[in-house]
Structure formats: C-alpha cells, structure tokens
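Values below: every heavy atom of this structure, side chains too, minus hydrogens, waters and symmetry copies. Numbering of residues begins at 1 and proceeds along the displayed sequence.
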Amino acid sequence: MPIEAAFGDATGEAEELFSPEDVRHYGIVPNVAAAASKNTAALKALVNPAGTFTGKLIFPNTTGSDTYFFDDLIAFHEGVHLDLLNSTLSFARTGSARDSASGFIHAIRDFTIENGRIITNYVFKGGYNTGNALAFGGRGADTALFPNLYDRQLAVPMGNISVRNLRITGGASGGNARGIFMLGGIDGIVIDNVAIDGQKQFTEGIYYEFGWATGEARELERQSSHAVNFRVTNLAVKNVVNAAFGASGAFDIVIDGLQVNDVGHGCLIGTGEALYFRPWLPPGARGRRPSFVLRNFIGEAIRNVGVAVTGASKISGSYLDNPPAHNNPLNIGPDQQTDLIDFVIENFSMSGPSKNYGIVTSAAEAQIRKGTIAQFERGIVTTQECTSFAIDSVKILDSGSFGIQIGQSVTLHTPARLATGSVGNCFIAGSGTEGKCAGVFVATTRRCVIEANRFGFVMDTDGKAETTQTQAVSVAADASGVVCRNNDVAATADGAVAYVLAGAGLRDCRIENPGGIHTASGAWLARR
C-alpha cells in the first residue's frame, strides 16, 4: 500500500518537503543526537511488523557525513529495503533483559539493508545475546521482538535477507554482542561487501545458531531448523574477542572472500546441540550432508584457531542428552554424532602467532588446498572422526609442533575408524619450534598417500636452515597403507631419519622414489 497510508496520520512540513521513501518525510532527522528517541519512535511506527508497510526507505546524506541517531531496538516488517546512501545509523542504548537474542535492526524475512555504516554503543544490563547491531530470524520464544518463532508453523519461511556494502563498528559492555546475529531456519542469506570492527567488544563478527521447527514442551522431542542458502562474499572482520565468523547448526554455508585481523578465531563451524538429529528442511535439501565451503581467506594476527570445522560432536550436556538426568533417552550413538558436516577450504593464507591450530577438523570429508599456514601450534589437524581427507598444495611453516597431524586421538567410535586420504604437493618446513618433531605425523589410517611434497628449509632456497623439523614423515603404530612417493626431503634437523615407521608387522607402508634425504627406520616394505 502507499507509504503515506501505512504511516497513518503523519502530517506537516516534512511530508511536503520530502518524498515518501525519504525517512525525513516522517520526521526522522539527521545530525541531532537529541532526536534519537523521536527518530526511533517514528521508524518503529512506520515499520512495525504488525503494520502493513512494505517498500524502500532511504536515509539521505546531504552533507556527505550525515548521522541518524536511535536509542532502541527496532523490529521490521517483511518487505522493507533500507538504503543508507552512505549515511550512518548511530545506536546507543542502556539495555535490559528483554533485549535478549535481538538486535538494533531486527528482521525475519524479505529484508535488505545496504550502503552505509552502523555504529553501536550498548550498555549491558542483563539477558543473553544482547547488543547486536543486526539480528535476523529467531528461535522459539528467544526474542521478544518476534515471539513464538517455530519454523514449521510459519506460513512463509524466514529468509530472503540481504546485507550489502555496510560497515559496522561495535561497542558493547557485555551480553555477547555481535555485528550480525542470526537464529533459526532462515532460507536465503546474502552478506556482501561487509566490514565489521568489533573494537575488542563484540564477541563475534557474525554468529548463527540453529532454530526450532516445532515447539513440544520437551526440547529433545522437537524438530530443529537450519539455515540454508547462506552465502557470504567479501567480508572483513577485525578486533573481535572470539570468532570472526561462527555458525552452529547451519546446513550449507559458502564464504568467498573473508579477511580477518586481530581476532580470537577465524571461523568456528559446528553442528550445534541439535546435531541435525531431527532436522526440518526444505524438500530440496533433504538427502544432502551439511557443508561449509571457505574460499579466498586471509587471516592475520589470529590469537587462537584459524579455522575449525566440527563434524563430530558428543551429546553430553546438550538437550538431546536430557538434562539434568543425562540419560540419553533417544539412544543416540556414535553414528548419529559423527559424519555430520563436509568441509572445503581453498586459496587461503593465515598466520599467528598462535598457541593453537591453523586448521582443525572432524568433518566427515575435508578438502584443504592451495594455501599457506604460518606460526601456529600445528598447521593442519584432522581428528580420528575425519575419515576422508585431501590436503594439496599447502605451505606449512614454523609450526610449534607438527606441520600436519593426521588422526589426532579424538574419537567417538571405539575402536577408532580408519581414515583414507592424501597429502600432496605441499611444502612443510620449520615444524617443531617449541620442541623438535616431524613435519607430518600419521595415525589411524587404512590408506594415506604422501606424494610430491618438499620437506625442510635449505639456506640456498629459503634463506634459512632447518633447525627444528626432524623427520619428514612419522607414522604411528596404528596407521596402515602409508605410501611416501616422490617426496624431496631437503633437510632434517640434527641429522634425523627422514621416514620413521613405528610398530611391528607388515602394514603395506612403502617409500617410493625418494628424493633428497631418504634414510628410514621401521618395517617399511621394499622401496621401488
């Protein structure tokens, strides 16, 4: 309907001076901090979810640096498009518990915000997940702005949300504030060309959690809902306490272009408590395994983990474990707690210094290719629940411990399942800066091909000598089928043996066509 009718009784000079899509038409004024309450009341009245307004609203920028001030959370009707025209929205509020799981600008479907800046200053006074700049979707009764959000009961799905060309600068005194916070079974999220500066006050840049599709009294009886068609391009995040990007229970996420600086973690992706155990999904998504794809990632000054993708999670402590009894009434076993997410990362560069891992994953299938990892505790770690891996064309330099660890002893299955995978075309050097050790350590495999890699620094090529990386490849007693083929071991620290095979018995482990240093110990099969 026409914008004038949606607003109701708005009259006066502003209506005559400004077009109906101009927020000044409704008495919203820029550059007056004292107008925050009036601006907020006017915008709330216009875009109230219980109202009828749909359409575009612009925030003109007549001076080139116009700022519009607001002091409360605003829930938006579906079908609203905000174009800031390079102006700034400034949000300052002393909060309350009622702000939980909500944001300054909060919408659940058919919403766009673009072309400008948001600055927040939120004082935490109770609640949880408060102080968010933007919030989308919801879960059950978590948010007072959109109560009772159970996806299967909605006539129209949540989603079709776009955030473009936006800079968010955050300030919050507590409450786990984020630049963008999302919940529920949102179908269609586009985040493009967004920059978030958390000022060491946002806990994450962007954070998502699964939702409720149904609302049975006992949570363990509910169906869960999961974001689908989640697409991010050209995202920059800096100065956040924890993850630049975090998601627990999304169904498919693709990020193409992520730059992070001075963050706790680059990306933390996991199953969430729901474990996709009773998922409610659109028909087209059924039959596919959840996945996370990250391309063109640059991470600098990462203080903890670069990228972690958890595809195997215990139910301990979750609602599926039926607290406080914790008696697992649904008899959820290891097979239902593992092989939950697939993972791809390519074209990346990340650096610490960090006391944790560059990439760590328990994804069902992991593909890691074309990247550089420097100065992490360990470069790449796959746990025993990652049973299929391919690592290709990665440089791993100056790790505190192993450059690559395959089959870290973290498993839900007893005995641990054996993995199949490959490590190829990599350069691994300088491992063991905190205690001399191998470049690649392999455990619990049925088949692992380590091929065409270069190991160890050499002065002529790299400008430094190898002083800490001992073995090129060290194979544990529980690994089988390890084939080292066409590798060039340029140097080992302290004259260490290049290839070490622990344990006894013939396990089909071989060294083929070795280059450079090719000393070996253990029961390797005859060389070819």
request  = Go through the steps for Thr169 and Arg117 under the test side chain to side chain donor-acceptor pair (under 3.5 Å), then give the verdict.
outcome  = CA-CA 8 Å; Thr169 301; Arg117 184 178 184 185; 3.3 Å; yes
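- Panel note: side chain Gln259, backbone Ala236; no donor-acceptor pair is recorded below 3.5 Å.
- When ring centroids are compared, Phe70 and Phe91 stay outside the 6.0 Å threshold.
- Thr88 contributes no side-chain N or O that, together with a main-chain N or O of Ser90, makes up a donor-acceptor pair within less than 3.5 Å.
- For the pair Asp321 (side chain) and Pro323 (backbone), a donor-acceptor distance under 3.5 Å is absent.
- For the pairing with Arg231, the salt bridge (charged side-chain N to carboxylate O under 4.0 Å, His left out) check across Asp252, Asp187, Asp256 returns one residue only, Asp252.
- In this structure, Asp66 contributes its side chain and Thr62 its backbone to a donor-acceptor pair below 3.5 Å.
- Checking side-chain atoms of Ser162 against main-chain N and O of Thr112 turns up no donor-acceptor pair under 3.5 Å.
- Glu385 and Thr383 share no donor-acceptor pair across their side chains, judged by distance under 3.5 Å alone.
- With respect to Glu21 and Lys56, no salt bridge is recorded, no charged nitrogen being found less than 4.0 Å from a carboxylate O.
- A ring-centre distance under 6.0 Å is found for Tyr276 and His226.
- Between the side chains of Gln223 and Arg152, at least one donor-acceptor pair of N or O atoms lies under 3.5 Å.
- Aromatic pair Trp212/Tyr319: centroids less than 6.0 angstrom apart.
- How far CZ of Phe59 is from CG of Leu84: 6.5 Å, rounded to the nearest 0.5 Å.
- With Arg303 as the fixed residue, the side-chain contact (heavy atoms from CB on, under 4.5 Å) test singles out one of Asn242, Asp262, Asn356: Asp262.
- No donor-acceptor distance shorter than 3.5 angstrom exists from the side chain of Tyr122 to the backbone of Ser173, with no hydrogens or angles considered.
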(message) Could you walk me through whether Asn61 and Asn86 satisfy the side chain to side chain donor-acceptor pair (under 3.5 Å) test, starting with their C-alpha distance in whole Å, then the side-chain angles of each, then the deciding distance to 0.1 Å, before giving a yes or no?
(response) CA-CA 7 Å; Asn61 189 4; Asn86 294 318; over 6 Å; no
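- Counting only N and O atoms by type, the side chains of Ser225 and Asp151 include a donor and acceptor under 3.5 Å apart.
- To the nearest 0.5 angstrom, Ile113 atom CD1 is 5.5 Å from Leu134 atom CG.
- For the pair Arg139 and Phe210, the cation sits on the ring face: its NZ or CZ lies under 6.0 Å from the ring centre, inside 45° of the axis.
- The only option from Leu89, Leu43, Val47 that meets the side-chain contact (heavy atoms from CB on, under 4.5 Å) definition with Ile105 turns out to be Leu89.
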Before giving the answer on side chain to side chain donor-acceptor pair (under 3.5 Å), spell out for Asn261 and Glu300 the whole-Å C-alpha distance, their side-chain angles and the decisive distance to 0.1 Å. CA-CA 5 Å; Asn261 187 281; Glu300 298 176 334; 3.2 Å; yes
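- For Phe146 and His106, the distance between ring centers is under 6.0 angstrom.
- Taking CG from Leu220 and CG from Asn328, the interatomic distance works out to 10.0 Å, rounded to the nearest 0.5 Å.
- Around atom NZ of Lys370, no more than 12 heavy atoms belonging to other residues, nucleotides or ligands sit under 6.0 Å away.
- Between Phe104 and Phe69, the distance separating the two ring centers is not shorter than 6.0 angstrom.
- With hydrogens and angles left out, the side-chain atoms of Asn31 and Thr67 include no donor and acceptor closer than 3.5 Å.
- The aromatic rings of Phe245 and Phe230 lie perpendicular to each other, with more than 60° between the two planes, well past the 30° mark.
- With Thr143 contributing its side chain and Ser102 its backbone, the two residues share no donor-acceptor pair below 3.5 Å.
- Using a cut-off of 4.0 Å between Lys/Arg side-chain N and Asp/Glu carboxylate O, Arg289 and Glu365 are scored as salt-bridged.
- Side chains of Ser313 and Thr271: a donor-acceptor N/O pair is present below 3.5 angstrom, by distance only.
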Show, in sequence, the C-alpha distance, side-chain angles and deciding distance for His265 and Glu204, and conclude whether the side chain to side chain donor-acceptor pair (under 3.5 Å) test is met. CA-CA 9 Å; His265 314 276; Glu204 284 93 10; over 6 Å; no
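- In the model, Asn239 has no side-chain atom that pairs as donor or acceptor with a side-chain atom of Gln199 under 3.5 Å.
- A cation-pi arrangement is absent between Arg178 and Phe202, since the terminal nitrogen or guanidinium carbon is not both under 6.0 Å from the aromatic centre and inside a 45° cone about the axis.
- Annotation: the span from Ile345 atom CD1 to Gln367 atom CD amounts to 12.0 Å, rounded to 0.5 Å.
- Atoms OG and CD, on Ser316 and Gln337 in that order, are 7.0 Å from each other to the nearest 0.5 Å.
- Between the side chains of Ser37 and Asp71, at least one donor-acceptor pair of N or O atoms lies under 3.5 Å.
- The line from CG of Asp99 to CG of Leu73 is 4.5 Å long, rounded to the nearest 0.5 Å.
- Although no hydrogens or angles enter the test, the distance criterion places a donor-acceptor pair under 3.5 Å between the side chain of Ser100 and the main chain of Ala97.
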